[in-house]
Amino acid sequence: MRYWLMKSEPDDCSIDDLAAMPEQTVAWYGVRNYQARNFMMNQMAVGDRVLFYHASCPEPGIAGIAQVASPAYPDATQFDSSSRFFDPKCRPEQPRWFNVDVRFVRKTRLIGLPELRDTPELANMRVLARGNRLSITPVDPDEWRFITETMLELKTDEL
DNA sequence: GCCAACGTTGGC
DNA sequence: GCCAACGTTGGC
């Protein structure tokens with residue numbers, strides 16, 4: 001099992017929005033970056049755990065835990081001319097963009113970006129790297145354990 | 001709204 | 001294959 005951090009704009013889909021979804025599951029559509037797409041296509045597996053991160057908002061940071069709920073499949077919005085994610089270069093017989101489904105696990109206290117940056121154990125987190133713009137980044141098992149067990153005081157059966 | 005950083009595009 | 005121009009991300 002791998003661990004990930006996935007950014008979402010809470011105006012779009014917050015952790016509360018995810019919890020309120022049917023099946024508490026949402027399609028992670030709209031990724032238009034090859035590196036992030038490749039993580040979903042090639043490395044994610046159903047059951048992988050996810051740090052749900054609120055981005056582009058007044059208090060950016062980790063807001064909850066989620067899990068990967070489906071394999072990657074073609075992102076429907078790439079063919080939808082009414083979508084802001086429409087990609088006119090894409091044809092259904094050769095989809096370019098893919099997404100997984102993500103399911104709610106739990107809401108947590110907000111671990112804000114300043115707190116993440118102030119935590120020496122997380123100094124090497126991908127998402128904190130200078131200039132990082134990826135909306136999906138891998139999380140090391142040690143980082144996952146530190147965040148969930150030490151910072152959030154969650155037990156294994158709560159994840 | 002600003003801007004640093006990075007990805008993508010396209011001319012050559 | 002280089003690289004300038006442009007677009008996007010996302011914190012502040």
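In what follows, every chain begins at residue 1, and chains take the letters A, B, ... in the order their sequences are listed.
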Report task. Scan residues 83-95 of chain A against DNA chain C and write down, sorted by residue number, each residue with any heavy atom closer than 4.0 Å; if none is found, say none. Result -> none
Query raised in the report: In whole angstrom, what separates A/H54's NE2 from C/dG11's P?
Result: 12 Å
Query raised in the report: Quick one: A/I62 CD1 to C/dG10 P, roughly how many Å, whole number?
Result: 15 Å
Residues 146-159 of chain A, side-chain donor-acceptor partners within the protein, below 3.5 Å, at least two apart:
from	atom 1	to	atom 2	distance (Å)
A/T148	OG1	A/W144	O	2.8
A/E158	OE1	A/K155	N	2.6

Query - Any donor-acceptor N or O pair under 3.5 Å, side chains A/D17, A/S14 - result: yes
Report task. Go through the structure and list residues passing side-chain hydrogen bond (donor to acceptor under 3.5 Å, both in side chains) with A/D16, not counting sequence neighbours. Result -> A/K107
Counting only pairs under 3.5 Å, give me each side-chain donor-acceptor contact of residues 113-122 of chain A, with atom names and distances, residues two or more places apart or in other chains.
from	atom 1	to	atom 2	distance (Å)
A/E115	OE1	A/R109	NH1	3.1
A/E115	OE2	A/R109	NH2	2.9
A/R117	NH1	A/L128	O	3.1
A/T119	OG1	A/E115	O	2.7

Requested in this report: For A/F52, enumerate each residue passing the ring-ring contact (aromatic ring centres under 6.0 Å, His included) test, keeping only those at least two apart in sequence or located in another chain.
Outcome: A/W28, A/H54
Requested in this report: Might you work through the salt bridge (Lys or Arg N to Asp or Glu O under 4.0 Å) test for A/R32 and A/D75, ending with a clear yes or no?
Outcome: CA-CA 10 Å; A/R32 295 293 181 269; A/D75 178 339; 2.9 Å; yes
Requested in this report: Summarise protein proximity over nucleotides 2-9 of chain C in one line of letters, 5' to 3': B for base, S for sugar-phosphate only, - for none, counting protein heavy atoms closer than 4.0 Å.
Outcome: -----BBB
Report task. For A/R32, answer base if it contacts any base atom (sugar-phosphate contacts may also be present), sugar-phosphate if it contacts only those atoms, and nothing otherwise; contact means non-hydrogen atoms under 4.0 Å. Result -> nothing
Query - Residues A/Y3 and A/D140: side-chain donor-acceptor under 3.5 angstrom - result: no
Requested in this report: Calculate the interatomic distance between A/E59 atom CD and C/dG11 atom C1'; express it in whole Å.
Outcome: 13 Å
Query raised in the report: Any donor-acceptor pair under 3.5 Å linking the side chain of A/Q78 with the backbone of A/W97?
Result: yes
**Report entry** Value in whole Å for how far the C1' atom of C/dG10 lies from CE of A/M6
**Finding:** 17 Å
